[in-house]
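Inspection log for the structure reproduced underneath, given as structure tokens.
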Amino acid sequence: MKIASVVFNSSLPQLDKVFDYLIPDSLANRIVIGVQVAVPFGTSKNLKTGIVIAIANISAHTGILSEIAEVVSALPVLTMEQYALCKEVAIRQLGQVGELLGTAVPKRSIRAEANFLKSLKNDPPKTSAATAPKKIGAIRTFFSPGLLDEDSQSHWTTYIIEKAKHQLQNNRGVLVVLPDFRELAAFEEALQLAGLESFSCRQSSEDTLQIRWTNHLRSVNDSGLIVYGTRSASFAACNDLSSIFILDDGDESHHEQGSPYWNSRDVLLQRSHLEQCSIEFIAHSPSSEVSRLCELGYLDQITTTAHKPLVRISIDTERIDTETYALIAKTLGDDKPVLIQIANLGYATALACLSCKEIRRCDTCHSSLWLDPSRTARCRGCKKTAENICSCGGSSMRPTSLGSNALAEQLTRSFPKAHIIHSSGAERITGIERKGTLVIATPGAEPSVAGGFNLVVLADSLAMLGVPRLRGLEQACQKWSNAIAKTSFDGLVVIVGITGVLAEQLRNLDFSAVVRDDMLERCELGLPPATRMLSISASNAIDHKRISEAIKTEIAELESIPTAVPNTIVYGYPIGAGNTVASKLKILVNSVSKSSKNKLPGQRVLFLNMDDHKAI
DNA sequence: AGCACGCCGACT
DNA sequence: GTCGGCGTGCTC
């Protein structure tokens, strides 16, 4: 009898390995690699479902083998490329293969599967292997689309679709990973326009169970598809993969919040290595990681020559100066749309001292102060109510920028006849009609309008930089550039409150230069992206002490970084040492967890994040 | 996760 | 003497 190796979808470290089973003759012709099977497991009366990842004549296991009880899914539900990716990511992120299998394989829908099988009989999938040409040279680029989304030639969807068409002709697969449902909608619209709907396959957790399972079966069992979705699509099946595209890799939505804390960029970089395929990063402004890869020569940067909107820098410390007011009034008067980007909601984004003009910061944690909705001066970080005296001795302060509510009130007064719309994360408007509308939006919530906005005002630029965060500048660039991309062909951009070198770089809309300078400076200081931060949180003080001491003696090269978070240790490590550090840590973490005398039943002792963005 | 094995306290 | 507590460890 043949032997099948089976893996389980479980986050338990004890089950994070393959289990071999005998294939009974009755099931022999139905068991292929990738199918779901039900097997007896341990002493449990219930069968456990797993996935066959290998079939062989011998087993490395010396004990007696059980037999597979039944075949659950007639079709394969996992490709071996997906499985290899899960293994690689699990090693690098110090997690379990089993917990990533859940991302690679969605929940099964019996009805959807029955319908899919029926449709297969009428329309069998194209077989690709015989005709697929061998690998073309893998391309690795960072592409920055033109800063005018209205110019369809330089739009990111056009760029991806043109390249994808070429691959589809060879019956090869293309994977597209997008940050958000808004980009998903934009991409779907473009697919429809290009007549590629029948060659595309969406992977979205927003879809119903049935649709998800149908699309998943299709991407595993068919080829020559454009597979697209948000971050979990990084693990989606895509046969004969030739190119990977990832949009706005710096966007926070590309980070998985749960263990093992992977992000689309890193997963897809690993995937492009494993599958020897091209990878292209697309963003109006690069992330610092992409900027670093360009600097190293790992990625080629493609700059578009498409024309850019005109930029006016207003150095006025007021949020909106008189000239900008006049521009808004004129644009609205011409019945054309205006977009104002503000940092966030609330009544003030920052407070400045009237005598020294500095932004007031919290005495304990140094975060900026703001006026909360009850109009009390409060720290943004620790929420402590602030003193009324500045370090310079000045006793009065004023808001440097007003939040959306206050600004809206102010604008309503200034433009009594204007039609004002708000759009924020909570109440998001996706599109508006083209006329003299004034849109006040928070970053990422800007609606689109046919033809673009004739005036885009980045009203809170200074406040967006005022936050003392590591990635403040690169994230601001991402948010600014995405808002600027909504400008019309003949439109104007006003950036309020920026001065110096940054103002010059922004006048030319040279976001790559801004991010590059910031990135190089951070690398010199031993900060991300060249150095990475890993954090280990313990559920109690004793185990916290045990793991930190074990690391101090066993992995001396790890550089400890102070943190205020209780029972947590943070270390910096060079990005290239990731796998080495992870494998050394795995041994220590396992032994400390195992011998813990303090764990509650079912509770994990240690939580490990190999790439903790919030650690610093 | 389940489930059995195993070695100490209170019960007919 | 035995019933049962859940700590420890294994599951192909």
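Every chain is numbered from 1, with letters handed out A, B, ... down the list of sequences.
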Counting only heavy atoms from other residues, nucleotides and ligands, does the tally under 6.0 Å from [atom1] of [X] exceed 12?
X	atom1	value
A:E206	CD	no
A:I110	CD1	no
A:Q14	CD	yes

[atom1] of [X] versus [atom2] of [N]: gap in Å, rounded?
X	N	atom1	atom2	value
A:Q14	B:dG2	CD	P	13 Å
A:L15	B:dG2	CG	P	11 Å
A:K594	C:dG7	NZ	P	18 Å
A:K48	B:dG2	NZ	P	7 Å
A:F41	C:dC10	CZ	P	12 Å
A:K2	C:dC12	NZ	C1'	18 Å
A:D16	B:dA1	CG	P	14 Å
A:I23	C:dC12	CD1	C1'	13 Å

message: Taking the cut-offs as 6.0 angstrom to the six-membered ring centre and 45 degrees off its axis, would you call A:R140 and A:Y298 a cation-pi pair?
response: yes

- prompt: Just checking, A:K163 and A:F245: is the charged tip under 6.0 Å from the six-membered ring centre and within 45° of the axis?
  reply: no

message: So A:L178 and A:F187, do their side chains get closer than 4.5 Å, heavy atoms only?
response: yes

- prompt: Can you tell if the side chain of A:E113 reaches within under 4.5 Å of the side chain of A:W213, non-hydrogen atoms only?
  reply: yes

- prompt: Does A:Q82 use its side chain to pair, donor to acceptor, with the backbone of A:A104 at less than 3.5 Å?
  reply: yes

message: Checking the side chain of A:R271 only, and the main-chain atoms of A:S234 only, is there a donor and an acceptor separated by less than 3.5 Å?
response: yes

- prompt: Heavy atoms under 4.0 Å, any strand shown: does A:Y21 hit a base, just sugar-phosphate, or nothing?
  reply: sugar-phosphate

Show me the protein contacts with nucleotides 3-5 of chain B, counting only N or O atoms at under 3.5 Å.
{"from": "B:dC3", "atom 1": "O4'", "to": "A:T43", "atom 2": "OG1", "distance (Å)": "3.2"}

statement: Per the under-4.0 Å heavy-atom filter, residues of residues 49-69 of chain A near DNA chain B come out as none

